> 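The structure is given below, and queries will be raised subsequently.
Start at 1 with the first residue, then count along the sequence. Computed from a prediction, not measured in an experiment: that's the story for all the values here.
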Amino acid sequence: MVSEKDFISTEVATIEKGGFQWSAPSNIALVKYWGKKENQIPANPSISFTLNNCKTITKLDFSKKETNDTFSFELLFEGKPKEDFKPKIQKFFERIEKYCPYLKQYHFIIDTENTFPHSSGIASSASGMAALSMNIMSLEKAISRNFGTEMTDEFFYQKASFLARLGSGSACRSVKGNVVVWGEHKEISTSSDLFGVAFPSQLHENFHNYQDTILLVDKGEKQVSSTVGHDLMHNHPYAEKRFEQAHTNLSALKKVLENGNLNEFIKIVESEALTLHAMMMTSMPYFILMKPNTLEIINKIWKFRNETNIPICFTLDAGANVHVLYPENVSETVLQFIKGELVGYCQNGNYICDAIGNGSQLM
């Protein structure tokens, strides 16, 4: 069993300067995690589809400095200084210093960009923290090599996911794999609260290249952040039942992903999305992140599915945007439906076509 201690490094800087560049995708949870314990440990397990097109590309340049008493970094977004991102990176470095003690020995230039519009309402913290963590692990791997130690791929990806989690919980699901489980679950022996793991079973062909069209209902900033929302689960009257439900739903979804039952997939995924928002509406203080157009889209999807028997469904993250999920073999019909009936509910008619991807990539 891998423990937190396994990720504590004693490496010291041995490389003068260099750079790496990684891309990391966003992901969409099918079984949601909502509520966390200390140190970004999830209150329940979750499982997600890794996306292919919506990703963050981050270049990390580093140079050794003479003093090692503070973290030293510049942050660029799309090539321009982005001061308001810096506190989050500072906090991330503070959280991971114990595991990456060489960080204070370098000055970093972090240059990051998203393949999706920054203000689109798609959370970039998962892809952003995953991409940065991949770069940091590339540096650690290079330092280790200088000491004559060859890091295994398994350790590399586990620790990258572990670090990403400390920046943004769901970021640990953006490191490796097309379907990723995060959080201990009795039926998935490799699962861990510390990092995400690739779904261990053979994925049924029905889910190969599964499509996700993201309808951008509201591109504004959420009135309640996910961090605040997670914290509201601590005294939530339905929290324990919700955590139990997540375990049960993950068990059911595991079977579905193996046997390809799309009707069961739809039931679990839509129920999970609505339960997530029900937790928000029944917390104290309560809040609603869905917008009127979110509900209009959901009802249109239900009507279309009833009339055509096409296995299309929706899921939601902690916001108003709708992820429309469907098999690749019905893409043409579903996209016609989306363009004809759903785009009108999107802000400025904006939507993004995506599909299952494979995780982070070295560039």
Side-chain angles (χ1 to χ4, degrees), residues 25-32 46-54 122 173 177-181 187 198-217 245-246 248-278 290 293-317 319-346 351-358:
S26 189
N27 67 75
I28 181 66
L30 306 172
V31 171
K32 311 292 183 181
S46 58
I47 187 168
S48 60
F49 278 161
T50 309
L51 298 181
N52 187 57
N53 302 332
C54 290
I122 295 174
R173 297 192 309 246
N178 48 16
V179 179
V180 179
V181 178
E187 291 174 34
F199 182 62
S201 307
Q202 181 74 34
L203 193 64
H204 192 277
E205 62 182 13
N206 283 353
F207 298 106
H208 292 179
N209 206 30
Y210 218 71
Q211 303 292 295
D212 178 5
T213 299
I214 308 160
L215 306 179
L216 304 177
V217 172
Q245 181 197 39
T248 302
N249 280 346
L250 208 158
S251 293
L253 192 62
K254 179 179 181 289
K255 290 191 185 80
V256 164
L257 293 173
E258 292 165 351
N259 66 29
N261 186 329
L262 292 177
N263 288 332
E264 284 303 307
F265 176 81
I266 288 167
K267 285 180 197 170
I268 298 163
V269 168
E270 291 191 342
S271 169
E272 275 286 318
L274 294 174
T275 301
L276 170 68
H277 285 262
M290 288 191 280
N293 281 359
T294 308
L295 297 174
E296 292 284 357
I297 289 167
I298 289 171
N299 280 304
K300 288 273 187 185
I301 288 170
W302 285 343
K303 183 170 183 281
F304 176 77
R305 189 168 72 222
N306 285 336
E307 289 173 352
T308 63
N309 284 323
I310 288 173
I312 174 180
C313 70
F314 71 87
T315 190
L316 309 165
D317 56 15
N321 297 332
V322 181
H323 290 249
V324 186
L325 303 175
Y326 51 96
E328 187 181 25
N329 63 2
V330 296
S331 293
E332 197 174 324
T333 309
V334 171
L335 281 170
Q336 281 177 353
F337 161 63
I338 288 170
K339 289 172 188 172
E341 296 199 41
L342 302 185
V343 167
Y345 297 107
C346 299
Y351 64 98
I352 296 172
C353 288
D354 214 328
I356 283 189
N358 291 309

> Does Phe304 reach the side chain of Ile301, with side-chain heavy atoms less than 4.5 Å apart?
no
> Return the minimal non-hydrogen interatomic distance between Glu270 and Ile312, and the atom names on each side.
OE2-O, 4.5 Å
> For the residue pair Asn209 and Ala355, what are the closest heavy atoms and their distance?
OD1-CB, 3.7 Å
> Residues in side chain to side chain donor-acceptor pair (under 3.5 Å) with Asn249, at least two apart?
Glu272
> With sequence neighbours excluded, what pairs up with Ala198 under the side chain to side chain contact (heavy atoms under 4.5 Å, CB included) test?
none
> For Asp212 and Phe49, what are the C-alpha separation, side-chain angles and deciding distance, and is it a side-chain contact (heavy atoms from CB on, under 4.5 Å)?
CA-CA 9 Å; Asp212 178 5; Phe49 278 161; over 6 Å; no
> Under a 3.5 Å distance rule, please check whether Asn206 uses its side chain to pair with a backbone N or O of Pro327 as donor and acceptor.
no
> Asn358: which residues meet the side chain to side chain contact (heavy atoms under 4.5 Å, CB included) condition with it, sequence neighbours left out?
Asn178, Gln361
> Shortest non-hydrogen contact from Gln245 to Ser271?
NE2-OG, 4.2 Å
> Any heavy-atom pair between the side chains of Phe314 and Ile297 that's under 4.5 Å?
no
> Please find the pair of heavy atoms, one from Val181 and one from Leu250, that lie closest to each other, and give the distance.
CG1-CD1, 4.4 Å
> For the residue pair Leu253 and Phe265, establish whether any side-chain heavy-atom pair is separated by less than 4.5 Å.
yes
> Looking at Glu296 and Lys300, is there a salt bridge between them, counting it only when a charged N and a carboxylate O are closer than 4.0 Å?
no
> What is the distance from atom CG of Leu51 to atom CG of Asn27, rounded to the nearest 0.5 Å?
7.0 Å
> Rounded to the nearest 0.5 Å, how far does OG of Ser26 lie from CG of Asp317?
8.0 Å
> If the condition is salt bridge (Lys or Arg N to Asp or Glu O under 4.0 Å), which residues does Lys267 pass it with, not counting sequence neighbours?
Glu264
> Once side chain to side chain contact (heavy atoms under 4.5 Å, CB included) is applied, do any residues pair with Ser251, and if so which ones, sequence neighbours excluded?
His185, Glu187
> Can you find a pair of side-chain heavy atoms, one from Tyr326 and one from Pro311, that are under 4.5 Å apart?
no
> Are Leu203 and Val179 side-chain neighbours, meaning at least one heavy-atom pair lies under 4.5 Å?
yes
> I'd like to check the side chain to side chain contact (heavy atoms under 4.5 Å, CB included) partners of Cys346; sequence neighbours left out, ordered by chain and number.
Leu215
> With sequence neighbours left out, write down each residue that passes side chain to side chain donor-acceptor pair (under 3.5 Å) with Lys303, or none if nothing qualifies.
Glu307
> Could you check if a side-chain atom of Phe207 sits within less than 4.5 angstrom of a side-chain atom of Leu262, using non-hydrogen atoms only?
yes
> Taking all non-hydrogen atoms of both residues, which atom of Ser46 and which atom of Arg173 are closest, and how far apart?
OG-NH1, 2.8 Å
> Between Asn261 (side chain only) and Val256 (backbone N and O only), is there a donor and an acceptor less than 3.5 Å apart?
no
> Let me confirm one number: the NE2-CG distance from His323 to Leu325, rounded to the nearest 0.5 Å.
8.0 Å
> Looking at NE2 of His204 and CG of Leu257, how far apart are the two atoms once the value is rounded to the nearest 0.5 Å?
10.5 Å
> To the nearest 0.5 angstrom, please state how far the NZ atom of Lys254 sits from the CG atom of Asn259.
10.5 Å
> Partners of Thr315 by side chain to side chain donor-acceptor pair (under 3.5 Å), sequence neighbours excluded?
Lys32
> Which residue is it: Ile266, Ile268, Val324, Ile298? I am looking for the one with a side chain to side chain contact (heavy atoms under 4.5 Å, CB included) to Cys313.
Ile266
> Kindly say whether Asn53 contributes a backbone atom to a donor-acceptor pair with the side chain of Asp354 at under 3.5 angstrom?
yes
> Kindly write out the residues that satisfy side chain to side chain donor-acceptor pair (under 3.5 Å) with Thr50, not counting sequence neighbours, or none if the list is empty.
none
> Where is the tightest heavy-atom contact between Val180 and Gly177, given as atom of each residue plus distance?
CG2-O, 3.8 Å
> Report all side-chain donor-acceptor pairs from residues 329-344 shorter than 3.5 Å, counting only partners two or more places apart or in another chain.
unit_1: Ser331; atom_1: OG; unit_2: Glu328; atom_2: O; d: 2.7

